[in-house]
Amino acid sequence: MSYLDNVKIVLVETSHTGNMGSAARAMKTMGLTNLCLVNPIIKPDSQSISLAAGARDIIKNAQIFSSLEQAIADCTLVIGTSARSRSLQWPYLTPKKCGDKIIQEASNLHTQVALVFGRERVGLTNEELQKCHYHVGIPANPSYSSLNLAMSVQVLCYEIRMSMLNLEDKQSERENENMAETEFPIDADIERFYQHLEQTLLQTGFINANHPGQIMGRLRRLFTRARIEQQELNILRGILTSINKILH
């Protein structure tokens with residue numbers, strides 16, 4: 001199960017069914033599938049399915065609610081989109097922080113999170129925005145900040161997906177770190193190994209008792225470069241012990 005399964009994209013009183021289809025397509029490209037329609041002016045039709053392209057399954061499975069309250073009733077976090085400043089100040093998020101906040105909440109598999117988009121022309125009302133824990137806006141070009149509904153859905157769904165991928169990367173790194181928590185021997189154990197190795201090589205005649213340094217120096221360099229793990233050191237000591245038993 002993906003964290004994205006816990007994220008709802010809620011469209012309030014959408015007036016153009018084509019926008020529903022385009023929003024569904026934007027969602028699916030980012031891996032989101034839960035579309036909720038609140039009191040749509042026109043129910044999804046052939047145009048919405050046509051513009052959804054390969055995301056027609058999202059349109060067909062979209063849940064329709066008569067009010068925003070119903071759509072977000074089971075959500076622990078609700079973020080509303082707002083293109084303009086309001087007289088009533090509210091906790092405000094950038095798109096990236098919005099994505100991070102949503103994935104952080106959605107990573108609890110027992111929660112539902114909603115990202116709410118308003119009407120094409122007027123957005124969400126103040127009353128609707130007050131039902132949201134946070135507001136998010138897209139910092140578009142101030143001299144031409146006209147983003148249509150599907151564009152806004154695409155931008156914010158992208159940020160949600162990027163936050164999910166970043167979280168998965170961090171989790172994978174932690175798992176790799178846990179797997180890489182290798183036990184290494186202390187220096188005293190390494191020195192005892194070198195003494196054991198030298199004694200064994202002397203007994204086999206591999207090194208000269210009068211000039212052991214050159215060979216032992218190269219062997220030290222070899223094992224230091226390899227950085228022997230504790231388990232590997234145990235194996236090497238076991239091999240040397242088995243040789244010693246044969247020699248005696």
Side-chain angles (χ1 to χ4, degrees), residues 1-8 27-34 54-55 57-58 74-77 79 93-113 115 156-248:
M1 181 177 180
S2 169
Y3 297 150
L4 300 181
D5 294 336
N6 295 337
V7 181
K8 295 181 179 182
M27 289 171 58
K28 191 165 186 177
T29 59
M30 296 298 124
L32 290 101
T33 57
N34 296 333
D57 56 319
I58 294 179
D74 61 345
C75 294
T76 59
L77 175 67
I79 298 178
L93 300 172
T94 63
K96 183 181 184 306
K97 289 183 178 179
C98 172
D100 292 342
K101 182 72 68 175
I102 285 176
I103 290 300
Q104 181 182 6
E105 189 86 6
S107 62
N108 181 341
L109 298 181
H110 301 291
T111 63
Q112 288 287 312
V113 180
L115 179 59
L156 293 178
C157 286
Y158 168 80
E159 293 294 352
I160 293 171
R161 181 167 186 81
M162 290 305 298
S163 294
M164 182 199 69
L165 294 176
N166 288 336
L167 178 60
E168 289 179 345
D169 285 344
K170 290 177 182 178
Q171 290 174 337
S172 178
E173 288 174 3
R174 284 196 295 268
E175 289 174 0
N176 290 336
E177 287 173 359
N178 291 336
M179 292 175 62
E181 287 180 356
T182 305
E183 183 182 358
F184 291 98
I186 61 175
D187 185 69
D189 288 339
I190 291 288
E191 286 302 318
R192 281 189 283 270
F193 162 68
Y194 287 138
Q195 292 171 12
H196 192 176
L197 177 61
E198 183 173 353
Q199 291 169 4
T200 303
L201 294 180
L202 284 169
Q203 291 173 12
T204 62
F206 186 79
I207 60 176
N208 190 321
N210 296 323
H211 304 285
Q214 186 174 7
I215 295 295
M216 287 306 302
R218 288 184 176 275
L219 289 173
R220 277 179 175 266
R221 187 174 66 177
L222 169 64
F223 289 117
T224 299
R225 190 167 62 242
R227 198 186 181 194
I228 305 172
E229 299 171 6
Q230 183 64 56
Q231 190 173 12
E232 294 169 339
L233 183 62
N234 295 340
I235 293 172
L236 290 171
R237 291 296 299 271
I239 292 172
L240 294 175
T241 299
S242 68
I243 294 173
N244 296 149
K245 288 179 181 179
I246 294 174
L247 292 175
H248 292 88

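These numbers come from the heavy atoms of this one structure, side chains and all, not from hydrogens, waters or symmetry mates.
In this structure the side chain of Met30 never reaches within 4.5 angstrom of the side chain of Leu4, judged on heavy atoms. Taking the side chain as every heavy atom from C-beta outward, Leu201 and Met216 approach each other to under 4.5 Å. Annotation: side chain of Ile186 is not in contact with side chain of Ile190 (no heavy-atom distance under 4.5 Å). Here the side chains of Val113 and Lys101 are not in contact, with every heavy-atom distance at 4.5 Å or above. Cys98 has its side chain within reach of Leu115: a pair of non-hydrogen atoms, C-beta onward, lies under 4.5 Å apart. A heavy-atom distance below 4.5 Å is found between the side chains of Leu93 and Ile79. Using a 4.5 Å heavy-atom threshold, the side chains of Met164 and Glu168 count as touching. Under the 4.5 Å side-chain criterion, counting only non-hydrogen atoms from C-beta, Glu198 is not in contact with Tyr194.
With rounding to the nearest 0.5 angstrom, the CZ atom of Phe184 is 8.0 Å from the CD atom of Glu232. Note: Leu167 CG to Met162 CE = 12.5 Å, rounded to the nearest 0.5 Å. Note that OH of Tyr158 and OG of Ser163 are 10.0 Å apart. Values are rounded to the nearest 0.5 Å. Going from atom NZ of Lys28 over to atom CD1 of Ile58 covers 5.5 Å, rounded to the nearest 0.5 Å. Atoms CD and CD1, on Glu159 and Ile102 in that order, are 10.5 Å from each other to the nearest 0.5 Å. The line from CD1 of Ile243 to CG of Leu197 is 9.0 Å long, rounded to the nearest 0.5 Å.
Minimum interatomic distance between Met27 and Thr33 (heavy atoms only, all atoms of both residues): CE-C, 3.8 Å.
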Stepwise side-chain contact (heavy atoms from CB on, under 4.5 Å) test for Val7 and Asn34: CA-CA 7 Å; Val7 181; Asn34 296 333; 6.0 Å; no
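With sequence neighbours excluded, no residue forms a side chain to side chain contact (heavy atoms under 4.5 Å, CB included) with Ala226. The salt bridge (Lys or Arg N to Asp or Glu O under 4.0 Å) search around Lys97 returns none, not counting sequence neighbours. Take Asp74 and apply the salt bridge (Lys or Arg N to Asp or Glu O under 4.0 Å) test, not counting sequence neighbours, and it matches Lys8. In this structure, Thr204 has no side-chain hydrogen bond (donor to acceptor under 3.5 Å, both in side chains) partners at least two apart in sequence or on a different chain.
Looking at Asp189 and Arg237, no side-chain N of the basic residue comes within less than 4.0 Å of a carboxylate O on the acidic one, giving no salt bridge.
No hydrogens or angles considered: nothing links the side chains of Asn6 and Thr111 as a donor-acceptor pair under 3.5 Å. With no hydrogens or angles considered, no side-chain donor-acceptor pair links Thr76 and Gln112 at under 3.5 Å. In this structure, a donor-acceptor pair under 3.5 Å is present between the side chains of Asn234 and Gln230.
A donor-acceptor contact shorter than 3.5 Å links the side chain of Asp5 to the backbone of Ser2.
Annotation: ring pair (Phe, Tyr, Trp, His ring centres under 6.0 Å) contacts involving residues 218-248, sequence neighbours excluded, comprise Phe193-Phe223. Pairs passing the salt bridge (Lys or Arg N to Asp or Glu O under 4.0 Å) check and including a residue from residues 218-230, sequence neighbours excluded, read Glu191-Arg220.
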